[in-house]
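Report on one structure; see the data block that follows.
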Amino acid sequence: MMIWLLADPDTGKFTAFKNLLNSFSAHYPDVKVDFRVLTRRTMWRSLFAHLRDSRNRETADIMELPHSWTSVFAKLGLLAGLGGVLESFDPDRYPDFLKKGCVTEESDTVFSAPWWMEAPALFYRPEALKKRGLSPETDLRDWEHFLAACERLAAANRRRGFYPVLNGAGRMSAAHAMPCIWNRGGDLFSEDMNRCTLSKDEAVKGLEDYLEPALRGYLPLFGEAVFEGGPFYEEAAAMVLGTRLPVSPGGKSSFTPVRLPGARKKEQVLGYNLAASSGSPNLKEAGLFLKWALAADNCRSFAEDFGVFPCLNSAFEETLADAAPAWREIFSSPAAPPNTAVYPTAELLLDKALWHASLRIARSAYAREDLVRELVIAHGEIDYLLSLY
């Protein structure tokens, strides 16, 4: 049995998964199981390659997918209904905001199961802010004050290698840009999900806000992710934009999480699901692994090993109870990316636009017109896809 796992900037995820796999193999020694790590782009292309040529292009028996991919690949016939793979799967055991990520838009048939989730937040070092007369309550409450705080931190510390804020994932991404778009009253789609709104002024201004720290030199555009063992932690920055608490190699952290600056009515939550391939000859074994991985103790220990949240209600509440208070505030108004056939492509196109903007910023050649032009092209492509569904 083969499992495809999504690549992650935190190597702790793979250590946690190996532990999970070892415990599964100890209980089911007759099940031969292995896994491969694929980037989002590679997995996306591999699934479509298998769709075009199922005889010569392999797929996995089990796949980890962003929950927003469930609908498109279920509609394409690549995912097995979990009712025939996993006994007594109950969506009601998961938070309401994750349930739509298990099914297609038109059906209640479950094709994937929530596994773990994370939410973008701002992590800060209290002593670094206090030293410069800054407080999270006032100076991190909205994007304008956040930029002013970055300016003060940059002016006070010109040491080589120091940045006021780091990007926890190592690069700009659509998923992390959405809170800035929401701050401006924008979104990727209209409320009825029938039209793209990516090139509207509110969305463009939100993306410009997201890029502004990099434009001003407060945030490095390219670098290693901020996780255990990485070079960026502690004294390298006063703040980190990310989803997981930055820690030093000793496993401790001097950072504290707060919600991202802004006046949003919702907070971005990114969910990751497990699904079985419809063409798998090992669906019985796949069911055994899914049952094992999704058990309360196992999903909780797996998530906690690399600083994320389990999706199962009971495990999630236990983890949240032990977490910093800011996480309860963030999860009080969660909004997961829409699980529609068009959303994954829209996210990929926005990621591409942000990548090109990052390159232009790095070359000191950034211009708003270039960003708007690329967003208009993406907007047209997304509207075309929406007309097909």
Side-chain angles (χ1 to χ4, degrees), residues 40 66-72 95-101 103-106 117-122 141-144 146 169 172-213 241 243 259-272 329-358 368 370-389:
R40 284 195 180 209
H67 92 280
S68 56
W69 288 17
T70 300
S71 187
V72 63
D96 289 340
F97 62 88
L98 293 178
K99 291 179 183 178
K100 289 185 179 180
V103 299
T104 63
E105 299 161 82
E106 303 85 4
M117 57 184 166
E118 58 185 352
L122 178 63
R141 69 177 186 270
D142 57 36
W143 206 253
E144 183 179 354
F146 165 68
M172 314 301 274
S173 74
H176 292 180
M178 286 310 302
C180 289
I181 294 176
W182 293 338
N183 282 343
R184 291 284 190 171
D187 214 324
L188 286 187
F189 301 98
S190 58
E191 288 188 13
D192 59 11
M193 299 295 292
N194 288 328
R195 291 175 293 108
C196 177
T197 56
L198 183 56
S199 64
K200 292 190 68 173
D201 195 47
E202 299 89 345
V204 175
K205 286 181 177 178
L207 290 171
E208 288 186 299
D209 288 342
Y210 181 57
L211 293 169
E212 191 67 21
L241 289 166
T243 57
R259 66 187 295 274
L260 290 174
R264 299 170 303 281
K265 295 180 180 179
K266 55 186 178 181
E267 298 292 338
Q268 178 85 308
V269 174
L270 308 172
Y272 300 88
E329 181 183 2
I330 291 169
F331 280 104
S332 67
S333 53
N339 174 32
T340 67
V342 176
Y343 178 81
T345 300
E347 188 177 58
L348 288 170
L349 290 172
L350 181 50
D351 269 335
K352 181 180 177 182
L354 288 170
W355 174 252
H356 289 163
S358 298
R368 185 180 194 271
D370 294 326
L371 174 64
V372 171
R373 187 181 304 112
E374 191 157 2
L375 293 176
V376 168
I377 293 172
H379 185 138
E381 292 185 38
I382 297 165
D383 270 347
Y384 173 71
L385 290 174
L386 286 168
S387 72
L388 299 178
Y389 290 95

Rounded at 0.5 Å granularity, tell me how far [atom1] in [X] sits from [atom2] in [Y].
X	Y	atom1	atom2	value
Glu381	Leu198	CD	CG	11.0 Å
Glu267	Phe331	CD	CZ	10.0 Å
Asn194	Asp383	CG	CG	10.0 Å
Leu350	Glu374	CG	CD	9.5 Å
Thr197	His379	OG1	NE2	7.0 Å
Ile377	Leu349	CD1	CG	10.5 Å

With a 6.0 Å cut-off (strictly less than), is the heavy-atom count around [atom1] of [X], excluding the residue itself, greater than 12?
X	atom1	result
Glu106	CD	yes
Lys99	NZ	yes
Arg40	CZ	yes

Nearest heavy atoms of [X] and [Y], plus distance in Å:
X	Y	answer
Leu375	Leu207	CD1-CD1, 3.6 Å
Asp209	Arg184	OD2-NE, 2.8 Å
Met172	Ser358	CG-OG, 3.3 Å
Cys196	Leu386	N-CD1, 3.7 Å
Arg264	Pro179	CD-O, 3.2 Å
Ser332	Glu329	OG-O, 2.5 Å

4.5 Å side-chain heavy-atom contact, [X] and [Y]:
X	Y	answer
Gln268	Pro337	yes
His176	Leu270	yes
Ile330	Leu260	no
Val72	Thr345	no
Phe97	Lys266	no
Asp187	Met178	yes
Thr340	Ser71	no
Glu118	Tyr272	yes

The side chain to side chain donor-acceptor pair (under 3.5 Å) partners of Glu208 (sequence neighbours excluded) come to Arg368

Using atom types as modelled and distance alone, determine if a side-chain donor or acceptor of [X] lies under 3.5 Å from a backbone N or O of [Y].
X	Y	value
Tyr210	Ser173	yes
Glu105	Ala341	yes
Asn183	Gly206	no

